[in-house]
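Please read the structure below before turning to the comments.
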Amino acid sequence: MRRGAGQTMRRGAGQALLLACAAWFGFANAASAQVLSVSCTPTTGPTTAGVMYSATCTASGGIAPYSWSISAGMLPSGLSLTPSADTTTATIAGTPDTSGSYSYTVQVTDSTPVIPMTATQDYSGTVAPNITGISPTSATAGAPGFTLTVNGAGFGADAVVSFNGTNLATTVVNSNQVTAAVPASAIATPGSVGVTVTSAGATSNSVTFTINPPPAISSISPTSAAAGGAAFTLTVNGSGFGAD
């Protein structure tokens, strides 16, 4: 009787262990049956240097908690990946500070036993330099050449200023400022021209520079005076008279 009872107890314990294992793997398989996926919004990456960017990626399916990483490529300079406290989401945010093309892959990995599942979202694009202001913003047609200062972001060592479609001799002060020598021939004709900066193969937004017509006199009053006469005030009418 004792021997039979012992065998029965061992058999019962073994069955209980098998049931527990089956229950665990059944739970794991049921959870893993929900395929892990990731969805990021927006689906496009940053495009402009100096402009704040943010994207949120959300994981679903699989088994939490999740781990997040950049599995291929690199985030544009100035951006970082930050998981949420519960790991269900991750945010890519920051202000890109360098121009040029990029490619990176956001990866999320779940906690499925033995062989965790992964899901990815690919990003690629180009960060362009950004002009926020120029100085001066205008000149008079026929005036001498001058130095144009361009402020913004994403100006690399190869940055070149284009004035009305013509590349100018450019000096890079830093990533936020460049200067360019504008020759007198570039401002010989009145009108509006575009100023852009190209760096790392990407071209910035265009900012307008105005070339004003030279002053023009239409009439004066009086038109004559007697020699030796008293001093008087001469009125000059016309256009293009600046504050100077």
Side-chain angles (χ1 to χ4, degrees), residues 18-132 152-160 172 174-176 178 196-206:
L18 288 173
L19 288 172
C21 290
W24 165 250
F25 283 109
F27 168 77
N29 290 334
S32 296
Q34 300 178 18
V35 177
L36 178 66
S37 64
V38 61
S39 175
C40 299
T41 303
T43 58
T44 54
T47 58
T48 308
V51 176
M52 178 67 183
Y53 171 84
S54 180
T56 299
C57 297
T58 303
S60 59
I63 299 176
Y66 307 101
S67 60
W68 296 84
S69 64
I70 300 299
S71 62
M74 292 179 61
L75 289 173
S77 176
L79 271 60
S80 60
L81 174 69
T82 306
S84 62
D86 63 2
T87 74
T88 58
T89 64
T91 301
I92 299 172
T95 301
D97 53 27
T98 304
S99 298
S101 60
Y102 61 83
S103 176
Y104 61 89
T105 299
V106 180
Q107 177 173 294
V108 60
T109 304
D110 80 339
S111 297
T112 297
V114 185
I115 303 177
M117 290 191 292
T118 63
T120 60
Q121 170 74 55
D122 294 328
Y123 280 90
S124 63
T126 301
V127 174
N130 180 33
I131 298 177
T132 57
F155 303 151
D158 64 342
V160 175
V172 179
N174 53 50
S175 63
N176 298 315
V178 294
T196 61
V197 174
T198 298
S199 181
T203 300
S204 73
N205 53 311
S206 181

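The side-chain heavy atoms of Val197 and Ile131, taken from C-beta on, include a pair separated by under 4.5 Å. Side-chain contact between Trp68 and Pro83 is present, with heavy atoms from C-beta onward closer than 4.5 Å. The side-chain heavy atoms of Thr126 and Thr47, taken from C-beta on, include no pair separated by under 4.5 Å. Taking the side chain as every heavy atom from C-beta outward, Thr48 and Asn130 approach each other to under 4.5 Å.
Residues Ser124 and Ser103 bring no donor and acceptor atom of their side chains to less than 3.5 Å of each other. If you check the side chains of Asp122 and Thr105, you find a donor sitting under 3.5 Å from an acceptor. Judged by distance alone, the side chains of Thr203 and Thr198 do bring a donor and an acceptor atom under 3.5 Å apart.
Taking both residues in full, the closest heavy atoms of Val38 and Val108 are given as CB-CG1, 3.9 Å, listed atom of the first, atom of the second, then distance. When all heavy atoms are compared, the tightest approach of Gly62 to Met117 is CA-CE, 3.5 Å. For the pair Ala202 and Ala128, the tightest heavy-atom approach, listed with the atom from each and the gap, is CB-CA, 3.8 Å. Contact between Tyr102 and Pro46 at its shortest, heavy atoms only, is OH-O, 2.7 Å. In this structure, Ala200 and Asp158 approach most closely via the heavy-atom pair N-OD2, 3.0 Å. Residue Pro113 comes nearest to Ile63 through the heavy atom pair CD-CD1, 4.0 Å, listed as atom of the first residue, atom of the second, then distance.
One N or O on the side chain of Ser84 and one on the backbone of Thr89 form a donor-acceptor pair closer than 3.5 Å. Checking side-chain atoms of Ser199 against main-chain N and O of Gly156 turns up a donor-acceptor pair under 3.5 Å. Put simply, the side chain of Ser204 never gets that close to the backbone of Thr196: no donor and acceptor are under 3.5 Å apart.
Separating the SG atom in Cys40 from the OH atom in Tyr123 is a distance of 4.0 Å, to the nearest 0.5 Å. Here the OH-CD distance, from Tyr66 to Gln107, works out to 14.0 Å after rounding to the nearest 0.5 Å. Atom CG of Asp86 sits about 3.5 Å away from atom OG1 of Thr88, to the nearest 0.5 Å.
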Problem - Audit row: Ser39, Thr58, side-chain hydrogen bond (donor to acceptor under 3.5 Å, both in side chains) steps and yes/no - result: CA-CA 5 Å; Ser39 175; Thr58 303; over 6 Å; no
Exercise for the section: Test Val106 against Thr120 for side chain to side chain contact (heavy atoms under 4.5 Å, CB included), laying out the working first. Expected result: CA-CA 5 Å; Val106 180; Thr120 60; over 6 Å; no
Practice task
Test side-chain hydrogen bond (donor to acceptor under 3.5 Å, both in side chains) on Ser37 and Ser60 and set out the steps.
Solution key: CA-CA 5 Å; Ser37 64; Ser60 59; 2.8 Å; yes
Compile the donor-acceptor pairs under 3.5 Å between side chains in residues 73-82 and protein atoms, sequence neighbours left out, one pair per line.
from	atom 1	to	atom 2	distance (Å)
Ser77	OG	Asp97	OD1	2.7

